[in-house]
Enquirer: 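My questions will all concern the structure given below.
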Amino acid sequence: MKQFVILALALFSLQSLVAREIDLFDVETTYQAANILQPWRKYNKTQPVLGVPFAGRYVITILPYGDGRSALVKPVGGTRRDVASLIKLDSELRLAILRVGDLKESNDPANPLIPQRFFGNDLPPMFLDLKALPLKSALRTSGPGQIGHTVFYEGTGASLSPAGNTEVPVIRFSGFQKNISPGHVLTHDGALVGLIASFDVSTGLGTAIPAALIEQFLAASGFDKNNALKIEPPAAEPDIFGPDKEGTIVRTAGFRGRAQSEPSFLRYQGLISERPAIAVVQTVYVRTQERTLLQNDLILNVPGNDISARGSVNDEYYGELPLSLALVLKNGRFTTETSVTISVLRDREKREIRQPVLAASESMNVVPERFRTPSYLIAGGLVFLELSAEALPKMGTPPSRLAFIRDRYLQSDNLSGERVVFVNEVLPLDQNAGYANGRRILTAVNGIGIRNLNHAHSLVKDARRRGTDVVFTFEGNEIMVFSAERLAQADEMLRKKYSIPFLSGAPPE
């Protein structure tokens, strides 16, 4: 009898252990990447990530940064691989929902082709109560092939999103393994804690997108645990996902700030209490939007929260976060509000303002961290690009002027959609003989100040259509002049000499 009890307990323990394992899929994603300084040169890359299956035929995963539309998936430990197509992508978090196979609903209700479980939500189990997770708690990472490691929970914080356009809340963890990568899964006791966004082998520190944001993305995509699903998820709100099935749940208050607690500075600004405040150093606005928060405004407080000497506030879900991020979060998710109330000091006068809440995108930064699809224009052999932080180290020895401009736009007002356009190189042709190579910042085309590369492209195209000269003006009032005829000749020579089929790659304005 005693042996029977021991055997029963062993079986129960084994069942509990099995129940705590989360179902996983190996996901092999193939996507197209571009050479940053020569964007017309494209190449395919394949990267293995991991996905969590749900609702019978769907997989949620985190995709590499690039243009990918399909993947091969198979259950971990399985052998059969199926093609999965992308149906939703969060452009900022890189969270993606893939649909496996090409299953169709049967017209015969008595003999359905698809099991009924495909119609239920069956969302992955998620660990949402981060306050119940003590620091240094053991977590499990899982990579392709079910290669797993034990890592340790280091709390929460803020980090740049995978796309790099704004800060998002993240889970922090530490580990000593070298084969932890973005796209791996972070779990605790059989529940999804997050999807790994970054891991630094040199420091052993990593970040993961929290389960709360994954749940919000699923809900925005039509997968809500409180509503039954059909084969096709219901359409999401149009302001989240566009016609190309991409969008983002990530929101931003459109500013960056610096903590100020020096008493003499606060008194000079007109603040009597001398409690910490946030000095606004950068704002983002769009052309049709009335400007509210201004550079050099002093943010005094937000509803129900005090500012610490580090410039942070205490978020009810994630703990201490930068004020600009905490403003757009509610219950661990990004707010759906279109504005937030902020108390500021401007010109020594206190006032309440309603700051717009914007969807995060690379258009918000004059010099983004990176471009998903870099733009380029080749005219007369001059290769025009838009500046990104990612491009600077690729230049080897970038001009100090470009590095300075990148830093300047981190400390100033940004107009959404504005870009720094520069010549990266001059491809030698008879038509540009006498124009020396060198990186120059383009300021105008035919006397018209440019907003971005797409704007410059339209000015060049219009001048060529009318048969007039094209005058490029660079910083420092240096000019280069081409006739429409010389530009047309240069186009022909470029295609023959350099085998470049497309001389522009600018996204729609």
Enquirer: Identify the heavy atoms of Pro39 and Ala34 that sit nearest to each other, and give their distance.
Expert: O-CB, 3.7 Å
Enquirer: Is it the case that over 12 heavy atoms from other parts of the model lie below 6.0 angstrom from the NZ atom of Lys461?
Expert: no
Enquirer: Identify the heavy atoms of Ala84 and Leu98 that sit nearest to each other, and give their distance.
Expert: CB-CB, 3.9 Å
Enquirer: Side chains of Tyr58 and Leu218: closer than 4.5 Å at any heavy-atom pair?
Expert: no
Enquirer: Looking at Glu337 and Arg251, is any side-chain nitrogen of the basic one under 4.0 Å from a carboxylate oxygen of the acidic one?
Expert: no
Enquirer: Determine yes or no for a side-chain-to-main-chain donor-acceptor pair under 3.5 angstrom, with Gln216 supplying the side chain and Phe334 the backbone.
Expert: yes
Enquirer: Are the side chain of Arg172 and the backbone N or O of Ala158 linked by a donor-acceptor pair below 3.5 Å?
Expert: yes
Enquirer: For Arg354, does the CZ atom have more than 12 heavy-atom neighbours from other residues, nucleotides or ligands under 6.0 Å away?
Expert: yes
Enquirer: Just wondering, are more than 12 heavy atoms of other shown residues or ligands nearer than 6.0 Å to CD in Glu478?
Expert: yes
Enquirer: Okay, side chain of Thr61, backbone of Leu50: is any donor-acceptor separation there less than 3.5 Å?
Expert: yes
Enquirer: Would Phe217 and Lys88 satisfy side chain to side chain contact (heavy atoms under 4.5 Å, CB included), going step by step from the backbone distance to the final call?
Expert: CA-CA 9 Å; Phe217 170 66; Lys88 295 291 181 183; 4.1 Å; yes
Enquirer: Taking side chain as C-beta onward, heavy atoms only, is Pro48 less than 4.5 Å from Glu28?
Expert: no
Enquirer: Determine the minimum heavy-atom distance between Glu352 and Ser343, stating which atoms define it.
Expert: OE2-CB, 3.3 Å
Enquirer: Is there a side-chain contact between Ile36 and Phe371 (heavy atoms, below 4.5 Å)?
Expert: no
Enquirer: What is the ring orientation for Phe384 with Phe472, classed by angle as parallel under 30°, tilted 30 to 60°, or perpendicular over 60°?
Expert: tilted
Enquirer: Answer yes or no: are there more than 12 heavy-atom neighbours, outside Lys330 itself, under 6.0 Å from its atom NZ?
Expert: no
Enquirer: Treating Asp347 as the side-chain partner and Glu349 as the backbone partner, does any N or O pair qualify as donor plus acceptor under 3.5 Å?
Expert: no
Enquirer: Inspect the surroundings of CZ in Arg81 and state if more than 12 heavy atoms from other residues, nucleotides or ligands are less than 6.0 Å away.
Expert: no
Enquirer: Say whether, by atom type as modelled, one donor and one acceptor occur between the side chain of Asp26 and the main chain of Val73 under 3.5 angstrom.
Expert: no
Enquirer: Please tell me if the side chains of Leu385 and Phe422 come closer than 4.5 Å, counting only heavy atoms from C-beta onward.
Expert: yes
Enquirer: Please report the shortest heavy-atom distance between Gly417 and Asn452, naming the atom on each side.
Expert: O-ND2, 3.0 Å
Enquirer: Is the closest side-chain heavy-atom distance between Arg419 and Leu387 below 4.5 Å?
Expert: no
Enquirer: How close do Ile353 and Thr292 get, counting heavy atoms only, and between which atoms?
Expert: CD1-C, 4.3 Å
Enquirer: Scan Leu494, Val423, Leu427 and name whichever one has a side-chain contact (heavy atoms from CB on, under 4.5 Å) with Val383.
Expert: Leu427
Enquirer: Return yes if some donor-acceptor pair links the side-chain N/O of Asn35 with the main-chain N/O of Leu37 below 3.5 Å, else return no.
Expert: yes
Enquirer: Between Leu160 and Glu369, is any pair of side-chain heavy atoms under 4.5 Å apart?
Expert: yes
Enquirer: Does the Ser388 side chain pair with the main chain of Pro368, one donor and one acceptor, at a distance under 3.5 Å?
Expert: no
Enquirer: Quick check: closest heavy atoms across Ile60 and Phe54, and the distance to 0.1 Å?
Expert: N-CE2, 3.8 Å
Enquirer: For Ser198 and Thr207, which I'm curious about, is there any donor-acceptor pair between the side chains at under 3.5 Å?
Expert: yes
Enquirer: Measure the shortest side-chain to side-chain distance between Leu329 and Pro169 over non-hydrogen atoms and say whether it is less than 4.5 angstrom.
Expert: yes
Enquirer: Under the criterion side-chain hydrogen bond (donor to acceptor under 3.5 Å, both in side chains), I'd like the reasoning laid out for Thr283 against Gln295: C-alpha separation, chi angles, the key distance, then a yes or no.
Expert: CA-CA 6 Å; Thr283 64; Gln295 193 179 13; over 6 Å; no
Enquirer: Would Glu92 and Asn165 satisfy side-chain hydrogen bond (donor to acceptor under 3.5 Å, both in side chains), going step by step from the backbone distance to the final call?
Expert: CA-CA 7 Å; Glu92 197 65 29; Asn165 297 309; 3.0 Å; yes
Enquirer: For the side chain of Asp315 and the backbone of Tyr318, is there at least one donor-acceptor N/O pair under 3.5 Å apart?
Expert: yes
Enquirer: Between Glu492 and Lys496, is there a salt bridge with N-O shorter than 4.0 Å?
Expert: yes
Enquirer: Distance-only, no hydrogens or angles: does the Ser91 side chain make a donor-acceptor pair with backbone N or O of Gly247 under 3.5 Å?
Expert: yes
Enquirer: Take a 6.0 Å sphere around CG of Asp200 and say whether it holds more than 12 heavy atoms from other residues, nucleotides or ligands.
Expert: yes
